[in-house]
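Residues: numbered from 1 along the sequence shown. Atoms within a ligand are numbered from 1 in the order they appear, just like the ligands themselves. These numbers come from a predicted model, not from an experiment. Side chains included, hydrogens not; waters and symmetry mates left out as well; all remaining heavy atoms used.
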Amino acid sequence: MQKTFYLETFGCQMNVHDSEKVVGTLLAEGYRQVESVEEAGLILYNTCSIRDKAEQRVFHRLADFRRLQAQGKKFGVLGCVAQQEGEKIFERAPHVSLVCGSASYRNLSQMLVQIEAGKRATGLDDRQTDETFETEFTARSHPHRGYITIIEGCDKFCAFCVVPYTRGKERSRTSASVLDEAGRMAEAGFTEIQLLGQNVNSYKDPSGRMSFPGLLAAVGEVPGIRRVRFTTSHPRDFTREIVAAIDAVPALCDHVHLPVQSGSSRVLAAMAREYTREQYLERIAWIRAARRDISVTTDLIAGFPGESEAEFEETLSLVEEVGYDGAFAFKYSPRPNTPALDMPDSVPESEKARRLAALQERQREVSTRRNARHVGEILEVMVEGKNEARGQWVGRTSQNKVLNFTVPAGIQPCLGGYLRVGVTRSFPNSLAGEVVG
Ligand code: SAM
Ligand code: SF4
């Protein structure tokens, strides 16, 4: 009988793309992917531990399906919770037989053989590796937009963050291997490529051939590729050359995600972010001086240990000053192994929640203003779907904004196609408009 698996992914785009590679590996090993836990012989969770809530969801899932072990089903925990908790997972959830961090996915095939033989398997010892997980078997889940990992791990060790402990040492793929993958994707019909890494702009080509802006430009020049996005950029390593590449290469999208975390230089130093408010604003000025209208989004943390009211106000004022097109704001979540755990924290939970809500409210006002400037513009969208209930199509602009649109009679948009849309209305989180001839 054919072996079957079910895989559920939690967390960021890196995890979503890791799962595409894991699925490809399992299919190549003769497994078949199924849509429910009930149908599956092997149940895998690709996990996230960036905040406490994400981590708890995995243990709830494992507890929910524990009874299915009696039917001979096997369970595996992959990703950041696997790496962080290690063999402790076997104690907390004894029905689990595989625990594997992302730095060990290269060895997944051997681990599958072990668990099929009724043994337990772990992949936890590879965080110091120089190798990246490259596979020709990636099972891409989107037909037009494809992800390419260019750098794995992180060496920055921000005081609040688990990633360097869960994803291991920073290591880049060669530019030749990235460009080869981009070329194969273009041949397979993909028109949008998203380059991924915890800090893509810390990229260091092991062959020494290309800088990050050089690689961006080269991917943007692959025949057939119409859009290139990259996420996430770290402000410390963000250079003018990146802005120059966006200006010079039409396929590079008009969008930079540049997480700031806090608007206070004192808090930024405590977070070990390695830039000040002023240095961050200098980078924003480079982006604003570009010929293209580049949208800027960010990540923010409310209630970092010891953050004073005045320091929090500095974050609010930075949100105004930069004029972000969008922001993900999070309440600080204490994480195992991180230096921030040992910092004195006088900010009560209720105050952290208030700050988070105030930050989200301020960003909503700023996003509303930023979106309003598009009314009257004609923007190109990639068609992503249709909202039948509203009779609207859903597209995405180069600036990464959702643009819902109607079409004149006689035009039939196709998914993954590109259309020009006149923007007629704007909202805090989207735009609306109509296709122009
Ligand atoms: N490498 C990216 C950077 O440095 O900007 C960020 C990657 S991290 C996976 C995504 C976001 O999660 C961070 O930008 C930060 O805002 C948030 N985050 C990370 N650790 C957190 C924590 N302990 N509590 C709250 N938010 C956190
Ligand atoms: Fe985490 Fe900082 Fe690395 Fe980003 S740069 S992944 S926030 S340690």
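At a threshold of 4.0 Å, the pair Arg106-Glu134 does not count as salt-bridged, since none of the basic side-chain nitrogens sits closer than that to a carboxylate oxygen. Salt-bridge check for Arg173 with Glu131: failed, with every basic side-chain N at 4.0 Å or more from each acidic carboxylate O.
In Gln261, neither the side chain nor the backbone holds a heavy atom less than 4.0 Å from any atom of ligand 2. In Asn199, the part holding a heavy atom less than 4.0 Å from any atom of ligand 1 is the side chain. By the criterion of a heavy-atom distance under 4.0 Å, neither the backbone nor the side chain of Thr232 is placed next to ligand 2. At a 4.0 Å heavy-atom cut-off, ligand 2 does not touch Pro259 at all. Contacts with ligand 1 closer than 4.0 Å are made by heavy atoms of both the backbone and the side chain of Phe160.
Looking only at protein heavy atoms, the nearest one to atom 8 (S) of ligand 2 is Cys158 N, 3.4 Å. For atom 25 (C) of ligand 1, the nearest protein heavy atom (residue, atom name, distance) is Lys331 O, 3.4 Å. The single protein non-hydrogen atom nearest to atom 11 (C) of ligand 1 is Asp299 OD2, 3.4 Å, given as residue, atom name and distance. In terms of protein heavy-atom proximity, atom 22 (C) of ligand 1 is closest to Ser333 O, 3.6 Å. Scanning the protein for heavy atoms near atom 7 (S) of ligand 2, the closest one is Arg273 NH1, 3.6 Å. Closest protein heavy atom to atom 8 (S) of ligand 1: Ile50 CD1, 3.8 Å. The protein heavy-atom contact nearest to atom 26 (N) of ligand 1 is Arg51 NH1, 3.4 Å. Atom 2 (C) of ligand 1 has its closest protein heavy atom at Gln198 O, 3.5 Å. Annotation: atom 1 (Fe) of ligand 2 to nearest protein heavy atom, Cys161 SG, 2.3 Å.
In terms of polar-atom proximity, defined here as any N/O pair under 3.5 Å, Arg273 does make such a contact with ligand 1. The shortest N/O to N/O separation between Gln261 and ligand 1 falls below 3.5 Å. Residue contacts with ligand 1: Ser233 is placed with no nitrogen or oxygen under 3.5 Å of a nitrogen or oxygen of the ligand (distance criterion only).
Between Leu316 and Leu359 there is a side-chain heavy-atom pair separated by less than 4.5 Å. Side-chain contact between Tyr105 and Asp18 is present, with heavy atoms from C-beta onward closer than 4.5 Å.
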Would you sort out whether Glu321 and Arg277 count as a salt bridge (charged side-chain N to carboxylate O under 4.0 Å, His left out), showing the intermediate values?
CA-CA 11 Å; Glu321 191 169 345; Arg277 178 187 176 107; 3.1 Å; yes
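For the residue pair Asp325/His255, the side-chain donor-acceptor check at 3.5 Å is not satisfied.
The distance from ligand 1 to the heavy atoms of Tyr332 drops below 4.0 Å at these ligand atoms: 24 (N), 25 (C). Short contacts between ligand 2 and Phe157, defined as distances under 4.0 Å to a heavy atom of the residue, involve ligand atoms 8 (S). Every atom of ligand 1 is numbered from 1 in the order shown, and the set under 4.0 Å from a heavy atom of His234 is 4 (O). If you number the atoms of ligand 1 from 1 as listed, the ones under 4.0 Å from a heavy atom of Arg335 come out as 23 (N).
Distances from atom 3 (Fe) of ligand 2 show that Cys154 has an N/O/S atom below 2.8 Å.
Closest heavy-atom approach to atom 5 (O) of ligand 1 among the candidates Pro259, Cys12, Pro334, Cys161: Pro259.
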